[in-house]
Amino acid sequence: MKRFDGRRVLVTGGGRGIGRAVALRLASEGAQVVAVDVDPDGLSETARLGDVHTLVGDVSSESSVSDFVSSALDHLGGLDVLVNNAAVLHAAHTHSTPLDLWDRIIAVNLTGLFLVTRAALPSLVETGNGVVVTIGSTAGSFTHPYLSAYAATKGGVQAFTRAVAAEYAHQGLRAVTIQPAGIDTGMPPRVGETLPEGADIMLLARNLSLLTGGALVPADRVAGVVAMVASDDGRHITGTEIRVDGGAHA
Ligand SMILES: NC(=O)c1ccc[n+]([C@@H]2O[C@H](COP(=O)([O-])OP(=O)(O)OC[C@H]3O[C@@H](n4cnc5c(N)ncnc54)[C@H](O)[C@@H]3O)[C@@H](O)[C@H]2O)c1
């Protein structure tokens, strides 16, 4: 008997990085998993690596969300776990961040979270023990200069997740934010390598993992924590954030 036998899971941004690692981990623990991404090639690779059903979709589009959530529900026959993982990151000086960049980051990271969660909630509530795990960031709680748009969405992720946790707790639903940092993924651009001109790198020094001396770690470090939270092992955890940052913010 595996921890996720009989559990049905939807993961957004499952074509790469943390989302792929989560999809593969939960599938390996017995879950039926659907992974969604804007990137069909990434999804093909995820499906090649594990028993994951894939759907192309865009979390920032209301019609796309409606289509892929309903396809996922048809495929799975219901939903027990939603992993909101898809996000984009762009580093920039706040004073020169174009409005369309700000709008895009909000649309994917925050409006996307709302759209997918809203569409999935009726099915998650119906199971009586649904779980929403959202991949936030330490940027939601701790200072991340040159990432003000991204950080604003991640603060919003936490507030949204706590509200959902309280609102649906009586229906058995749990909602938790995971705050990773320093994970080795394709998330472009890698902040340290793509800081805007004139940025002070020392302002980011406090954000390095103590356990690894700043070295990045594989995405399965996050996937294992998501698996714990989404399983019955995490059944008394809700309305909170869990940092997975190697002590960067200890
Ligand atoms: N890598 C890190 O160190 C780190 C640190 C803190 C937080 N995070 C968070 O972890 C999550 C995953 O990040 P990652 O590092 O794996 O990034 P990544 O860029 O490797 O993967 C993100 C995936 O989301 C997909 N995606 C982007 N926009 C989408 C959209 N509109 N609809 C559907 N899919 C979309 C991408 O195609 C990609 O496959 C994000 O929420 C990110 O903010 C990562």
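Remember, it's 1-based here, ligands and their atoms both numbered in the order they're listed.
- Which parts of ligand 1 touch Arg16 is read off a 4.0 Å heavy-atom cut-off, strictly below it: atoms 18 (P), 19 (O), 20 (O), 21 (O), 39 (O).
- For the pair Thr117 (side chain) and Phe114 (backbone), a donor-acceptor distance under 3.5 Å is absent.
- Smallest separation of non-hydrogen atoms from Asp80 and Gly6: OD2-O, 3.7 Å.
- Proximity of a side-chain donor or acceptor of Ser209 to a complementary backbone N or O of Gly214 within less than 3.5 Å is not detected.
- Here is the list of ligand 1 atoms found below 4.0 Å of a heavy atom in Gly186: 20 (O).
- The side chain to side chain contact (heavy atoms under 4.5 Å, CB included) test with Ile135 singles out one residue from Val244, Asn84, Val226, and that residue is Val226.
- For the pair Val59 and ligand 1, the shortest N or O to N or O distance falls below 3.5 Å.
- Against a heavy-atom cut-off of under 4.0 Å, Gly17 is close to the following atoms of ligand 1: 16 (O), 20 (O).
- Close contacts of ligand 1 with Gly136, meaning ligand atoms under 4.0 Å from a residue heavy atom, involve 7 (C), 8 (N), 9 (C).
- Using a 4.0 angstrom heavy-atom cutoff, Ala107 does not count as in contact with ligand 1.
- Side-chain N or O atoms of Arg235 include none that pairs as donor or acceptor with a backbone N or O of Asn129 at under 3.5 Å.
- Using a 4.0 Å cut-off to heavy atoms of Gly57, the atoms of ligand 1 that qualify are 32 (N), 33 (C).
- Using a cutoff of 4.0 Å between basic side-chain nitrogens and carboxylate oxygens, Arg16 and Asp39 are not scored as salt-bridged.
- The contact set between ligand 1 and Thr185, taken as ligand atoms under 4.0 Å from a residue heavy atom, comprises 1 (N), 14 (P), 15 (O), 16 (O), 17 (O), 20 (O).
- Using cut-offs of 30° and 60° for the angle between ring planes, the Tyr146 and His93 rings count as perpendicular.
- In this structure, Arg162 pairs ionically with Glu241, as a charged nitrogen and a carboxylate oxygen lie closer than 4.0 Å.
- The shortest separation from a heavy atom of Gly42 to ligand 1 is not under 4.0 Å, leaving the residue out of contact.
- At least one donor-acceptor pair under 3.5 Å links the side chain of Thr12 to the backbone N or O of Asn85.
- The heavy-atom pair separating Leu43 from Gly14 by the smallest distance is CD2-C, 4.1 Å.
- Considering only non-hydrogen atoms, atom 27 (C) of ligand 1 lies nearest to Ala87 out of Gly13, Gly112, Ala87.
- At least one N or O atom of Asp37, backbone or side chain, sits closer than 3.5 Å to an N or O atom of ligand 1.
- One distance of note links CZ of Phe68 with OG of Ser63; it measures 10.5 Å at 0.5 Å rounding.
- When only interatomic distances are considered, the shortest N/O to N/O separation between Asp39 and ligand 1 does not fall below 3.5 Å.
- No donor-acceptor pair under 3.5 Å is formed between the side chain of Lys154 and the backbone N or O of Thr138.
- Look at Ser61 and you'll find every heavy atom at least 4.0 Å from all atoms of ligand 1.
- Residue contact annotation: Lys154 has a non-hydrogen atom under 4.0 Å from ligand 1.
- Heavy atoms of Val38 approach ligand 1 to within less than 4.0 angstrom.
- No N or O atom of Val88 sits closer than 3.5 Å to an N or O atom of ligand 1.
- Which parts of ligand 1 touch Gly182 is read off a 4.0 Å heavy-atom cut-off, strictly below it: atoms 3 (O).
- The residue from Val22, Ile183, Asp58, Thr153 that puts a heavy atom closest to atom 3 (O) of ligand 1 is Ile183.
- At least one heavy atom of Asn85 lies less than 4.0 angstrom from ligand 1.
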